[in-house]
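Working notes for the structure below.
For clarity, every value in this text was computed on a predicted model and none was experimentally measured. Protein chains get the first letters and strands the later ones, always in sequence-line order, with residue 1 at the start of each.
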Amino acid sequence: MDKKVRVRFAPSPTGGLHLGGVRTVLYNYLYARQHGGDFVLRIEDTDQNRYVEGAEQYIYDCLKWCRLIPDESPLKGGPYAPYRQSERKHLYYQYAQQLVDAGHAYYAFDTPEELERMRADLKTDENPNPQYGHATRGRMRNSLSLSREEVMQLLEKQTPYVIRIKMPENETVRFTDMIRGEVHFDTNQVDDKVLLKADGMPTYHLAVVVDDRLMQISHAFRGEEWLSSAPVHILLWKYLGWLDEMPQWAHLPLILKPDGHGKLSKRDGERLGFPVFAMNWTDPRTNESAQGFRERGFLPEAFINMLAVLGWNDGTEQEIFSLDEMVSKFSIERIHKGGAKFDFEKAKWYNHQYLQRKTGAELAELAMPYIMAHTATPTPEYLAKVCELIKERCTLLPDFWEQGHFFFETPEIKELDTIKQKWDENKKAFFQNWISMLESLPSWDHLSIENSFNEAIQAAGLKKGDIMLPLRIMLVGGKYGPGVFLIAEMIGKEDTVQRVNHAISLF
RNA sequence: GGCGCGUUGGUCAAUCGGCUAAGACGCCUCCCUUUCACGGAGGAAUGACGGGUUCGACUCCCGUACGUGCUACCA
């Protein structure tokens with residue numbers, strides 16, 4: 001019998017939530033839902049130096065916005081609480097000690113300065129990064145190189161120490177990654193990673209395996225940057241005697257910079273002008289802030305859909321997936337092995353697609369804050385009609401103002417010259433005449449308005465094509481927007497007349 | 001430097017040995033539209049390289065190149 005599917009997302013609360021992180025959450029979530037399993041959020045706050053106020057709450061907020069709510073978390077609790085590693089501190093020591101007792105780990109008393117010196121001394125062009133491992137541990141101060149008495153003495157004197165894993169020599173660690181298949185490592189190449197720090201906190205390496213085991217995690221999804229340390233984790237599972245309970249690993253491909261050279265970072269977003277975090281993030285210490293997809297005007301559905309397809313597809317031509325569809329169609333076998341360069345244009349295309357699928361009323365609700373930010377206060381009904389009219393030219397939420405501001409305010413006429421160049425007395429007379437016709441128009445709807453316009457054109461002997469653009473510019477301010485007569489209908493007789501009159505006065 | 005992982009158009013990608021190599025984004029042309037957009041029709045653009053295996057290789061194997069990750073008492 002297979003054990004119950006339990007997956008986990010384990011971020012460290014040190015800053016904004018990267019889109020790659022959100023994708024990891026998504027894949028976790030999809031896998032859990034698909035298999036009727038549990039999705040747990042575990043906070044990996046073992047590095048007290050990197051603790052950032054508010055970062056944990058921010059993560060909850062991002063997950064909530066994305067609608068990827070964990071079943072168990074520090075906030076929600078659950079049967080395996082606590083879910084914050086700092087609160088689990090007392091749990092780890094015994095396992096580290098167990099490893100020491102079994103000879104799979106050892107005490108190391110080296111100070112940071114000693115470590116630095118070792119690295120400096122051993123550094124060569126051939127080996128720019130000397131490791132603390134089988135080749136070097138003999139010359140360091142640890143319970144392998146020191147006599148039993150010396151070690152006891154150091155311990156008694158409360159000398160600060162760390163516990164390191166003792167990597168075996170000449171072994172090959174193999175495992176099957178759900179995405180990459182067979183992966184193997186030569187243990188001579190991997191160093192004696194610190195498991196327990198001098199402050200008594202575990203490192204990531206110890207904490208993941210202890211917590212994954214204690215929390216009964218069945219499948220572990222994480223970024224490819226962890227692949228190299230997988231042998232440490234696997235050996236830990238083995239040495240702790242839990243190998244038959246080890247989760248299945250899946251190392252997700254990285255999301256890379258659009259212009260090459262490395263994984264996508266916050267800096268790239270700033271440099272290239274797009275968000276990298278799910279939501280706005282301001283670092284409370286430096287006050288540096290970074291924009292989020294949410295604030296840029298993305299819909300969470302579009303954001304999620306775009307991320308899902310960055311590294312996965314269902315094998316068909318389908319590109320738009322609802323969350324439910326993803327849950328049923330997702331499969332780890334179809335996740336790509338190679339990293340993907342992030343394409344902001346495609347992200348915007350997704351948002352446009354999702355915007356088109358919404359009703360005017362739905363869009364009104366989403367766009368309202370952006371409209372009100374410009375101190376306009378339309379009724380929801382009016383905004384809904386506007387949204388319906390302009391949605392196909394909107395990609396991001398702020399576009400509803402850019403594309404529709406003239407429905408809420410008298411626009412500044414930016415294309416004044418376009419009219420001015422061909423302006424003459426005939427046109428002036430035409431508009432004056434038409435306005436007076438409008439005043440007595442019995443019904444204010446776009447068809448009636450256009451009919452009267454056509455009549456006036458004929459009467460004046462002008463060409464409709466020569467008048468349409470000036471009229472648009474008078475009402476809109478520029479050469480864009482939905483049908484002019486629809487606009488006139490929406491803004492009403494009074495504003496229409498007033499805008500035309502105002503324009504005439506400018507020539 | 002070492003080790004791991006990867007490699008189909010500019011980008012995301014389909015293809016599980018039969019390919020005249022899908023589709024999408026972006027780009028270009030045209031149509032629609034007396035604006036902009038939407039929509040429609042076209043177009044340019046791809047298997048890193050070299051060896052095998054095979055009747056047949058984008059698909060399998062091996063090398064090379066390139067990319068990328070790790071190489072902290074950070075995750």
Quiz item: Separation of Asp125(A) atom CG from G2(B) atom P, in whole Å?
Solution: 12 Å
Self-check item: P atoms of G6(B) and A21(B), separation to the nearest Å
Solution: 27 Å
Practice problem: Would you indicate whether the side-chain heavy atoms of Phe485(A) and Met468(A) approach each other to under 4.5 Å? | Solution: yes
Exercise. Output yes when at least one side-chain N/O atom of Asn127(A) is less than 4.0 Å from OP1 or OP2 of G2(B), else no.
Key: no
Quiz prompt | Leu307(A) CG to C12(B) P, straight-line distance once rounded to whole Å | solution = 15 Å
Quiz prompt | Distance-only donor-acceptor check, side chains Arg334(A) and Asn313(A), under 3.5 Å | solution = yes
Quiz item: Do the numbers put Lys346(A) on top of the ring of Trp349(A), so that NZ or CZ is under 6.0 Å from the six-membered ring centre and no more than 45° off the axis?
Solution: yes
Quiz prompt | Atom pair CG (Leu227(A)) and NE2 (His251(A)), whose distance is rounded to the nearest 0.5 Å | solution = 5.0 Å
Quiz prompt | Separation of atom CZ in Phe344(A) from atom C1' in G10(B), rounded to whole Å | solution = 18 Å
Quiz item: For atom C1', what is the distance between G9(B) and G50(B), given to the nearest Å?
Solution: 23 Å
Practice problem: Rounded to the nearest angstrom, tell me the gap between atom CD1 in Ile335(A) and atom P in A13(B). | Solution: 11 Å
Exercise. Indicate whether any N or O donor in one side chain lies under 3.5 Å from an N or O acceptor in the other, for Tyr83(A) and Asp211(A).
Key: no
Quiz prompt | Nucleic acid footprint by protein, nucleotides 58-75 of chain B - heavy-atom cut-off 4.0 Å, B for base, S for sugar-phosphate alone | solution = ----------SBSB-BBB
Exercise. Write down the distance separating the C1' atoms in C12(B) and A22(B), rounded off to the nearest Å.
Key: 14 Å
Quiz item: Which part of the nucleic acid, if any, lies within reach of His251(A) when heavy atoms closer than 4.0 Å are counted: base, sugar-phosphate only, or nothing?
Solution: nothing
Exercise. Between U59(B) and A48(B), how far apart are the P atoms? Round to whole Å, please.
Key: 8 Å
Practice problem: Would you mind telling me which residue lines up with the more 5' stretch of RNA chain B, His184(A) or Asn313(A), judged by nearest nucleotide? | Solution: His184(A)
Practice problem: Would you mind reading off the distance between Asp314(A) atom CG and C12(B) atom C1', rounded to a whole angstrom? | Solution: 14 Å
Quiz item: What is the distance, rounded to the nearest whole Å, between atom CD of Glu333(A) and atom C1' of C16(B)?
Solution: 13 Å
Quiz item: Which whole number of Å gives the distance between the P atom of C38(B) and that of G26(B)?
Solution: 8 Å
Quiz item: Is a side-chain donor-acceptor pair under 3.5 Å present for Asn451(A) with Ser448(A)?
Solution: no
Exercise. Can you tell me the distance, in whole Å, between the NZ atom of Lys341(A) and the P atom of G10(B)?
Key: 10 Å
Practice problem: Side-chain contact test, heavy atoms from C-beta onward, threshold under 4.5 Å: evaluate it for Pro70(A) versus Leu63(A) and give yes or no. | Solution: yes
Self-check item: Cationic N near anionic O, under 4.0 Å, Lys263(A) to Glu224(A)
Solution: no
Practice problem: Name the orientation class of the two ring planes belonging to Phe330(A) and Trp312(A) (parallel below 30°, tilted from 30 to 60°, perpendicular beyond 60°). | Solution: tilted
Quiz item: What does nucleotides 18-40 of chain B look like as a protein-contact string, B for base, S for sugar-phosphate only, - for none, at under 4.0 angstrom between heavy atoms?
Solution: ----SSBB--------BBBBS--
Practice problem: State, to 0.1 Å, how close Glu415(A) and Gly478(A) come at their nearest heavy-atom pair, and which atoms those are. | Solution: CG-CA, 3.6 Å
Quiz prompt | G51(B) and G43(B), which share atom name C1', separated by this distance in whole Å | solution = 37 Å
Quiz item: With a 4.0 Å cut-off on heavy atoms, is Val190(A) in touch with a base, just the backbone sugar-phosphate, or nothing at all?
Solution: nothing
Quiz item: Phosphate oxygens OP1/OP2 of U7(B): is one of them under 4.0 Å from a side-chain N or O of His336(A)?
Solution: no
Quiz item: Between atom NZ in Lys337(A) and atom P in U8(B), what is the gap in whole Å?
Solution: 12 Å
Self-check item: Shortest non-hydrogen contact between Glu409(A) and His405(A), atoms and distance
Solution: OE2-ND1, 2.9 Å
Exercise. Pick the C1' atom in C70(B) and in C62(B), then give their distance to the nearest Å.
Key: 26 Å
Self-check item: Base-paired stems that RNA chain B participates in, counting runs of 3 or more Watson-Crick or G-U pairs under 3.5 Å
Solution: B:1-7 with B:65-71, B:10-12 with B:23-25, B:27-31 with B:39-43, B:48-52 with B:60-64
Quiz item: Using atom P of each nucleotide, how far apart are A14(B) and C74(B) to the nearest Å?
Solution: 39 Å
Quiz item: If you draw the axis of the six-membered ring of Tyr480(A), does the NZ or CZ of Arg393(A) fall within 45° of it and under 6.0 Å from the ring centre?
Solution: no
Quiz item: Any side-chain donor-acceptor pair under 3.5 Å between Gln353(A) and Glu319(A)?
Solution: no
